[in-house]
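In what follows, a structure is listed as C-alpha cells, so that the remarks can point back to it.
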Amino acid sequence: MTLHLHDTATRTTRPFEPAQPGQASIYVCGATVQGTPHIGHIRGALNYDVLRRWLMHNGLDVLFVRNVTDIDDKILTKAADAGRPWWEWAYTHEREFEAAYTALGCLPPSALPRATGHVTQMIKLMQRLIDSGHAYVSGGDVYFDVQSFPDYGKLSGQRLDEVQQGESAAEGKRDPRDFTLWKSAKSGEPSWPTPWGDGRPGWHLECSAMATSYLGSEFDIHGGGVDLVFPHHENERAQSRAAGDGFARFWLHNAWVTMSGEKMSKSLGNVVSIPAMLEKATGQELRYYLIQPHYRSTIEYSDEALAEARQGYRRVEQFLRRATSQVGDIEAGEVPAEFAAALDDDLATPQAFAVIHNTVREGNTALDDRDDKLVAEHAAAVRGMTGVLGIDPLTEQAERGADNGTQQALTALVEGMLEQRQQARAARDFATADDVRDRLIAAGIAVADTADGPTWQVKSD
RNA sequence: GGCGGAGUGGCCGAGUGGUUCAGGCAAGGGCCUGCAAAGCCCUGUACACGGGUUCGAUUCCCGUCUCCGCCUCCA
C-alpha cells in the first residue's frame with residue numbers, strides 16, 4: 001500500500017503522489033504570534049511533523065514551510081494594551097512558539113517565513129489579481145472579487161449564496177462576501193508602501209504569497225486546523241487559483257484539542273499552555289499523548305488521559321531500557337509492515353501505536369526468556385517506529401544524559417544506595433534492604449529488581 | 001438557515017457486515033519475586049435511540065435524540 005491521505009477538497013482519502021517524484025512540498029499554516037501557545041496550537045504542528053517524518057522515512061526529499069503571521073489586528077491590539085511595540089510583541093510570542101515546537105520534538109522547518117518579510121511577493125500577487133479582473137482597489141483597500149471565481153466555496157463545501165455576511169462589512173466592497181487582500185493604513189498603525197497606497201496585509205494573502213514563493217506555483221500538501229478551512233483556506237485557494245497558480249494538491253486539516261467539550265478559549269489556554277503542560281509531563285510524553293489519537297479526531301483533554309499516555313510511554317521506555325541493559329546498544333531498525341501500513345492509511349497513528357505496544361510485549365517476553373537475538377530485533381523495531389513518530393525515548397535520554405553533572409551525581413548516589421541494598425539482601429537482612437528501597441521511593445526513584453540486578457528510574461510524578 | 005464532525009465495554013481510543021483478538025490505562029485472578037516493582041498469562045462480553053435492508057448489523061439505509069465545529073478572529 002502506498003500512502004493515502006484524506007484530502008479536504010475532494011472529501012476523499014486518496015493516494016498521495018507527489019508532483020515531483022522523490023520530493024514532497026508541504027506548507028503549514030503556523031501561528032498568529034499573539035499569545036502563548038497551548039496544546040491545541042501545537043497538536044497540528046505535531047501531526048504535520050509526523051507526516052513529514054513518515055515521508056522522509058520513505059525516502060522523499062521534503063520541503064517543509066511553516067509561516068509566522070506576525071502582523072494582524074490582534075497583535076496590534078494586544079501589544080497596544082501591553083504598552084509594547086507590536087513587533088516586539090510578535091517576536092516574543094514567536095519565540096515561545098518555536099520553543100514549544102522544539103520541546104515537543106518538531107523538526108525545524110525548511111523555511112520559517114514571516115508575513116512582514118514578504119510584502120513584495122504579496123504586491124505581485126495582488127497585481128496579478130487586479131490585472132486579471134479578480135481583485136479591485138477601493139479607497140486604498142484591495143478586495144478579492146468572490147463572484148469572479150466560480151469555484152469559490154468548493155474547498156469547504158459552501159455555496160456562495162449560502163455564505164453569510166463575510167468579514168466586517170467594509171464600505172468599499174462590491175459584495176459583502178468579498179474578502180480583504182490589503183488593508184489601507186490607519187494612522188498610528190504599521191504600514192508598507194504599495195502602488196495603491198500604504199497599508200498592511202490581509203490575513204489570507206500572506207499564505208498564498210509565501211507558499212508559492214518558496215514551494216512554487218503548485219505544491220503537494222497544505223495543512224492547518226479545521227477552523228481554517230473556511231474562510232482562510234477557501235480564500236487562499238481562490239486568490240491563488242484565480243491568479244493562475246495550481247496551488248495545493250492536497251488539503252489536510254487536523255481536529256481540535258477541546259476541554260470540557262469545548263474549544264479552547266483564551267482562559268482555558270492558560271491552563272494548557274505549553275509551559276504549563278511541560279510541568280506535568282516531558283516533551284516526549286506530551287507528544288505521545290497528542291499524536292496517539294488520529295489527527296482528524298478531536299482530543300478531549302483531561303489530566304487522566306494525559307497520565308495514561310505517560311504510562312504508555314513509560315512502558316515503551318522501560319522496555320528499551322531493559323533491552324539495552326541486557327543486550328547492549330541498539331540502533332533503530334526497520335519498521336514492521338503493519339506499522340507502515342497504518343501510517344500509509346491516512347496516518348493511522350492509533351494502529352501504529354498498537355503495533356508498537358504489541359512489539360513491546362513480545363520484546364518483554366523475549367527479555368524474560370533471555371532470547372537476546374529476539375530482544376535486539378524487537379528493540380530495534382521499537383526504536384525504528386518511535387523514531388518515525390518522534391518519540392524514541394533513547395534519543396531523548398541521549399540529549400539529557402549529555403547535559404550536566406547533576407545527573408552523574410544522582411547516578412552515583414543512587415547506585416551507592418542500591419549497592420548497600422544488594423549487600424543487605426545477600427545477607428538476607430531484608431529490613432535494611434527494604435529501608436533503603438523505601439528511602440529511594442520516597443525520593444521519587446523507582447527500583448526494580450531483575451535477573452541482572454536492580455534497575456532504577458526517576459519517577460517524575 | 002447552510003456546511004461538516006461525533007456518540008463504542010470502568011476510562012482513553014481503533015475498527016469491522018458474521019467467525020480469535022485493536023492497543024493503552026484502570027480492576028480482578030495467576031506466574032515470577034525474600035517482599036515489592038516491573039514483566040508475562042487469563043478475565044470483562046461494548047458499540048446513543050427507533051425503524052429498515054439482510055440468512056445475519058455495532059458496521060449499510062432512513063429517522064430521532066444529544067454533543068461539537070465552521071459560516072466574524074482562531075490550531
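Proteins get letters first, then strands, A, B, ... in listed order; numbering begins at 1 in each.
- Between the P atoms of B:rC12 and B:rA48, the separation comes to 14 Å (whole Å).
- Among the heavy atoms of the strands lying under 4.0 Å from A:Leu228 are primed sugar atoms or P, OP1, OP2 only; no base atom is included.
- Nucleotides B:rU58 and B:rG7, compared at atom P, are 16 Å apart to the nearest Å.
- Side-chain atoms of A:Ile274 and A:Ile39, non-hydrogen and from C-beta on, do get closer than 4.5 Å to each other.
- A:Trp251 and A:Phe247 have tilted rings, their planes meeting at an angle from 30° to 60° on a 0 to 90° scale.
- Residue-level contact check: A:His294 touches the backbone only, with heavy atoms under 4.0 Å from sugar-phosphate atoms and none from bases.
- Counting non-hydrogen atoms under 4.0 angstrom, A:Arg315 reaches the backbone sugars and phosphates but no base.
- Look at B:rG4: its Watson-Crick or wobble partner, with both distances under 3.5 angstrom, is B:rC68.
- The partner of B:rC35 cannot be assigned: no Watson-Crick or G-U wobble pair with both contacts below 3.5 Å exists in any strand.
- When the P atom of B:rA37 is taken as reference, atom CG of A:Asp434 falls 12 Å away, rounded to whole Å.
- Both A:Glu308 and A:Pro293 lie near RNA chain B, and the one whose nearest nucleotide falls closer to the 5' end is A:Pro293.
- Residue A:Thr32 places at least one side-chain N or O under 4.0 Å from the OP1 or OP2 atom of B:rA75.
- Proximity note for A:His357 (side chain, C-beta onward) versus B:rC35, B:rG23, B:rA75: the nearest is B:rG23.
- Between the CZ atom of A:Arg159 and the P atom of B:rG1 there is a distance of 14 Å, rounded to whole Å.
- Considering all non-hydrogen atoms of both residues, A:Ile330 and A:Ala379 come closest at CD1-CB, 3.4 Å.
- Listed nucleotides B:rG23, B:rC11, B:rG39 differ in distance to A:Asp368; the shortest reach to its side chain belongs to B:rG39.
- Separation of the P atoms belonging to B:rU43 and B:rG24 is 14 Å when rounded to the nearest angstrom.
- Between A:Leu374 atom CG and B:rC40 atom P there is a gap of 14 Å when expressed in whole angstrom units.
- When heavy atoms are screened at a 4.0 angstrom cut-off, A:Arg370 is found touching no nucleic acid atom at all.
- Side chain of A:Phe430, nearest nucleotide from B:rG34, B:rG24, B:rA75: B:rG34.
- Protein atom CZ of A:Arg361 is 12 Å distant from nucleotide atom P of B:rA22, rounded to whole Å.
- Using a cut-off of 4.0 Å between Lys/Arg side-chain N and Asp/Glu carboxylate O, A:Asp72 and A:Lys74 are scored as not salt-bridged.
- Residue contacts shown for A:Gly225 are limited to sugar-phosphate atoms, with no base heavy atom under 4.0 Å away.
- For A:Phe353 and A:Tyr288, the ring centers are positioned less than 6.0 Å apart.
- Between A:Arg361 and A:Asn364, the side chains place no donor N or O within less than 3.5 Å of an acceptor N or O (distance only, hydrogens not considered).
- Closest approach to the A:Gln34 side chain among B:rG34, B:rA14, B:rA75 is made by B:rA75 (side chain taken as heavy atoms from C-beta onward).
- Here the closest heavy-atom approach between residue A:Arg296 and residue A:His253 is recorded as CG-O, 3.6 Å.
- We find that CD of A:Gln351 is positioned 14 Å from P of B:rG24, with the value rounded to whole Å.
- Contact annotation for A:Asn358: backbone-only contact, meaning every heavy-atom pair under 4.0 Å involves sugar-phosphate atoms and none involves a base.
- The pairing partner recorded for B:rC40 is B:rG30, the criterion being a Watson-Crick or G-U wobble arrangement whose two distances lie under 3.5 angstrom.
- Here the P atom of nucleotide B:rC25 and the CZ atom of A:Phe353 are 13 Å apart, to the nearest Å.
- Among the protein residues, A:Gln158 comes within range of the nucleic acid bases, having at least one heavy atom under 4.0 Å from a base atom.
- Among the nucleotides B:rC35, B:rC70, B:rA14, the one closest to the side chain of A:Pro350 is B:rA14.
- Spacing of C1' atoms, B:rG10 relative to B:rC47, comes out at 15 Å, to the nearest Å.
- Separation of the C1' atoms belonging to B:rU8 and B:rG44 is 15 Å when rounded to the nearest angstrom.
- Judged by Watson-Crick or G-U wobble contacts below 3.5 Å, the nucleotide B:rC25 has B:rG10 as its partner.
- Whole-Å rounding puts the A:Lys154 NZ to B:rC3 C1' distance at 16 Å.
- Of the candidate nucleotides B:rG24, B:rC35, B:rC71, B:rC71 has the atom nearest to the side chain of A:Pro231.
- Of the candidates B:rA38, B:rA14, B:rG69, B:rG69 carries the atom nearest the A:Lys263 side chain, counting heavy atoms from C-beta on.
- Put simply, A:Asn364 has a side-chain N or O that comes within less than 4.0 Å of OP1 or OP2 on B:rC40.
- The side chain of A:Thr365 sits closest to B:rC40 out of B:rC40, B:rC12, B:rC35.
- Here the closest non-hydrogen pair linking A:Asp178 and A:Lys173 is O-NZ, 2.8 Å.
- Comparing B:rC3, B:rC73, B:rG34 by their nearest atom to the side chain of A:Arg425 picks out B:rG34.
- Proximity note for A:Trp256 (side chain, C-beta onward) versus B:rG69, B:rC25, B:rC3: the nearest is B:rG69.
- Between A:Arg53 and A:Gly105, the shortest heavy-atom distance links the atoms NH2-O, 2.7 Å.
- Between A:Ser297 and B:rA14 there is a side-chain N or O to OP1 or OP2 distance below 4.0 Å.
- For the C1' atoms, the distance from B:rC60 to B:rC55 is 16 Å, rounded to whole Å.
- Counting non-hydrogen atoms under 4.0 angstrom, A:Gly40 reaches a base of the nucleic acid.
- Here A:Val355 lies out of heavy-atom contact (under 4.0 Å) with every strand.
- For the C1' atom pair drawn from B:rA46 and B:rA14, the interatomic distance equals 13 Å after rounding to whole Å.
- When each of A:Ala431 and A:Asp72 is assigned the nucleotide of RNA chain B bearing its nearest heavy atom, the one mapping closer to the 5' terminus is A:Ala431.
- Within 4.0 Å of A:Val447, counting heavy atoms only, lies at least one base atom of the nucleic acid.
- B:rC60 is paired with B:rG52 under the criterion used here, namely a Watson-Crick or G-U wobble arrangement in which both key atom distances are under 3.5 Å.
- A:Ile291 places its CD1 atom 14 Å from the C1' atom of B:rG24, with the value rounded to the nearest Å.
- Nucleotide B:rA46: unpaired (no Watson-Crick or G-U wobble partner with both distances less than 3.5 Å).
- Distance check on atom P: B:rC73 versus B:rG13 gives 31 Å, rounded to whole Å.
- Using a 4.0 Å heavy-atom cutoff across all strands shown, A:Ser302 reaches no nucleic acid atom at all.
- Counting non-hydrogen atoms under 4.0 angstrom, A:Arg322 reaches the backbone sugars and phosphates but no base.
- Ring planes of A:Phe149 and A:Phe144: perpendicular class, angle over 60° (limits at 30 and 60°).
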